[in-house]
Chemist: 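This is the structure I have questions about; it appears just below.
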Amino acid sequence: MVSRVIPVEDFDLVIFGGTGDLARRKILPGLYRRFLAGQMPDSSRIIGAARSEMDDAGFRDMVAEAIAEFGGDEGGDAACLKRFLDRVHYVPVDARGEDGWAELAKLMTRKGCEVRAFYFSVAPGLFGDLAERLRLHKIADRDSRIVVEKPFGHDLATARDLNATLAAHFAEDQIYRIDHYLGKETVQNLMAIRFGNVLFEPLWNAHYVDHIQITVAETVGVAGRGSYYDQSGAMRDMVQNHLMQLLCLIAMEPPSMFDADAVRDEKLKVIRALQPIASDQLVRGQYAAGDGQPSYRDDAENPDSRTESYIALKAHIANWRWAGVPFYLRTGKRLKARASEIAVVFKDLGHSIFPEDESRHRNILSIRLQPNEGIDLQVTIKEPGPGGMRLVDVPLDMTFADALGPEAEGVPDAYERLIMDVIRGNQTLFMRGDEVEAAWAWTDPIIEGWEARGDRPVAYEPGSSGPEDALMLLHRDRRRWRDIKTEVA
Ligand code: NDP
Ligand code: BG6
């Protein structure tokens, strides 16, 4: 079998915030998996940087613990781990002061390293300090890359400020803004399904599509990160970035090629074509206590919180392809299952030649993002057996793990893929500054609207599909949400 590991150049990756939660849970175990896959050149290095005083040995112990706790060691043994840890270093650095910068600069002087990348896995308030000091100490140059984490701003004004701050030190082609949804295997498959098949694209428009549903349902609550989440809510935490990116990939025009700017230009056009949302086009919810679990307000430690842990909305895209087609988006915490899906619901037949059949049949293309990644096309067939021409809807189901077998295993997770794309210098799966700003420009008036009206989110039962009002959002249009379910029917 041809190796699917794309070789990358020799690199130094500095992780600011290398001792933090994200680094321990995602970045470091992900890098170890890439090492095990043979994608890390021999002399590449990973350098942790944070304020905590520690030496290389102390950081290596921390990395080993993170790998053991958060996975990544499948297929590796003690010798592999040691070889990986030999590439790991640590420098105590304060983003806000001068401590550690000279030491970091000295460590970074090695010759022959092709790629220098700096992962800003710290609070966004430190991005500007890091960018400035990296330049000041000549650690980063015109060829270096920086990776910045979400949240990218709290609204349009703060996102613009952040873009301007980064732009003062780095060019746009050096800045990699992470939206980890773009690194998910099936999210990329959206593009393959749309643009790699002749079957769907001719039907992918207002003539044939009745509506589209995008669901990202989670079972977790916000305990442990309530202070961040309560300032954010589902709109800022999920819709402005992850759901918006899914919407773009579903709705965009075919780019002329699979190239970073060609793809991002098309996504930007979709965001700019989104129409404003009226108050009756959205429902906000907050999970109540139940099943022995605390309420949202208890988790957020804010007894009067008006922040939504659930949101459902109806969006329209004002262009020729999508005129009149509603896009229903919903996401929430503490729902009945962890299930993310995009469903393209096609229109009814204009005329049925089967007069005895009274039920309505529809083709639905469902793209399951997680779990059970796969696609499922609902088609109408004759019910087998005697009894005349009775029609029934059946799924043409393809779960990728079943269909592709071992080929579907060992797929890099989102962070692994995205970090390696940074090293390869491929920005296709990263958000461009203007995309982020356009997304906020659409989101801000919606949030300002509910704040000005003093709207409160409605309570919903934990373990449910969300608030009743969200059902009404579709019922009013004579439609209904698809079930939130974990397993393939
Ligand atoms: P943590 O609070 O767990 O970690 C913060 C890191 O920053 C620590 O390593 C800390 O180490 C370091 N740090 C703090 N102040 C400074 C400073 N002045 N100079 C240098 N280093 C500093 O945060 P997370 O890891 O959870 O999050 C990091 C970023 O990633 C945030 O922007 C967050 O929004 C984003 N993010 C996190 C996700 C997650 O799952 N955790 C998911 C998506 C995004 P020390 O105290 O030793 O300096
Ligand atoms: C993060 C959000 O960006 O994505 C979290 O901040 C959310 O609130 C998470 O839980 C969901 O990611 P995934 O990959 O588990 O669907």
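Note that ligands are numbered from 1 as they come in the structure, with each ligand's atoms numbered from 1 the same way. No experiment lies behind these values; they were computed from the predicted model shown.
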Chemist: Just heavy atoms, cut-off under 4.0 Å: does Arg338 contact ligand 2 by side chain, backbone, both, or neither?
Modeler: side chain
Chemist: Do any N or O atoms from the side chain of Ser295 and from the backbone of Asp298 form a donor-acceptor pair under 3.5 angstrom?
Modeler: yes
Chemist: Which ligand 2 atoms are under 4.0 Å away from a heavy-atom of His180?
Modeler: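 Near His180, meaning under 4.0 Å from one of its heavy atoms, ligand 2 has 1 (C), 3 (O), 4 (O), 12 (O), 13 (P), 14 (O).
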Chemist: Testing Arg479, Lys314, Arg482 one by one against Tyr328 for a side-chain hydrogen bond (donor to acceptor under 3.5 Å, both in side chains), which residue passes?
Modeler: Arg479
Chemist: Quick one: are Ile447 and Trp450 in side-chain contact, heavy atoms under 4.5 Å?
Modeler: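 Touching, per the 4.5 Å side-chain cut-off.
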Chemist: Count the heavy atoms belonging to other residues, nucleotides or ligands that lie under 6.0 Å from NZ of Lys26, then report whether that count exceeds 12.
Modeler: no
Chemist: Relative to the heavy atoms of Lys184, which atoms of ligand 2 are at a distance of less than 4.0 Å?
Modeler: 13 (P), 14 (O), 16 (O)
Chemist: Identify, for atom 16 (O) of ligand 2, the protein heavy atom at the shortest distance, and state residue, atom and that distance.
Modeler: Tyr181 OH, 2.5 Å
Chemist: Please examine the side chains of Arg334 and Tyr310, heavy atoms only from C-beta on, and report whether any two atoms are closer than 4.5 Å.
Modeler: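 No, side chains not in contact.
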Chemist: With no hydrogens and no angle check, is any side-chain donor or acceptor of Arg194 less than 3.5 Å from a backbone partner on Phe200?
Modeler: no
Chemist: Can you list the atoms of ligand 2 that are under 4.0 Å from a heavy atom of Lys333?
Modeler: 5 (C), 7 (C), 8 (O), 10 (O)
Chemist: Centre of Phe430's six-membered ring, under 6.0 Å away, within 45 degrees of the axis: is that where NZ or CZ of Arg264 sits?
Modeler: no
Chemist: Consider side chain to side chain contact (heavy atoms under 4.5 Å, CB included). Of Val91, Leu134, Leu136, which one does Trp101 pass it with?
Modeler: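 Of Val91, Leu134, Leu136, side chain to side chain contact (heavy atoms under 4.5 Å, CB included) with Trp101 is met by Leu134 alone.
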Chemist: Taking the side chain as C-beta and beyond, is there a heavy-atom pair between Met235 and Leu282 under 4.5 Å?
Modeler: no
Chemist: Strictly below 4.0 Å, N to O, side chains only: are Asp12 and Arg45 in salt-bridge contact?
Modeler: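 Between Arg45 and Asp12 there is a salt bridge, with a charged N closer than 4.0 Å to a carboxylate O.
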Chemist: Can you tell me the protein heavy atom closest to atom 9 (C) of ligand 2 and the distance?
Modeler: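 Ranked first by proximity to atom 9 (C) of ligand 2 is Glu218 OE2, 4.0 Å.
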Chemist: Just wondering, are more than 12 heavy atoms of other shown residues or ligands nearer than 6.0 Å to CD in Glu301?
Modeler: no
Chemist: Below 4.0 angstrom from a heavy atom of Gln370, which ligand 2 atoms are there? Numbered from 1 as shown, please.
Modeler: 13 (P), 16 (O)
Chemist: Under a 4.0 angstrom heavy-atom cut-off, which atoms of ligand 2 come close to Lys150?
Modeler: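 Within the 4.0 Å cut-off of Lys150, ligand 2 contributes 1 (C), 2 (C), 3 (O), 6 (O).
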Chemist: Below 4.0 angstrom from a heavy atom of His242, which ligand 2 atoms are there? Numbered from 1 as shown, please.
Modeler: 1 (C), 3 (O), 4 (O)
Chemist: I'd like the atom pairs linking ligand 1 to the protein - N or O on both sides, separation under 3.5 Å - with distances to 0.1 Å.
Modeler:
residue	atom	partner	partner atom	Å
ligand 1	3 (O)	Asp21	N	2.8
ligand 1	9 (O)	Gly17	O	3.4
ligand 1	9 (O)	Thr19	N	3.4
ligand 1	9 (O)	Thr19	OG1	2.6
ligand 1	9 (O)	Gly20	N	3.0
ligand 1	11 (O)	Thr19	OG1	3.2
ligand 1	15 (N)	Arg51	NE	3.4
ligand 1	15 (N)	Arg51	NH2	3.4
ligand 1	18 (N)	Asp94	OD1	2.9
ligand 1	19 (N)	Ala95	N	2.8
ligand 1	25 (O)	Asp21	N	3.1
ligand 1	25 (O)	Leu22	N	2.8
ligand 1	32 (O)	Val122	O	2.8
ligand 1	34 (O)	Lys150	O	3.1
ligand 1	40 (O)	Arg25	NH2	2.4
ligand 1	41 (N)	Asp21	OD2	2.8
ligand 1	46 (O)	Arg51	NH2	2.9
ligand 1	47 (O)	Arg51	N	3.4
ligand 1	47 (O)	Ser52	N	2.9
ligand 1	47 (O)	Ser52	OG	2.4
ligand 1	48 (O)	Arg51	N	2.8
ligand 1	48 (O)	Arg51	NE	2.8

Chemist: Which ligand 2 atoms are under 4.0 Å away from a heavy-atom of Asp237?
Modeler: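 Once the distances to Asp237 are compared, the set is 2 (C), 5 (C), 6 (O), 8 (O).
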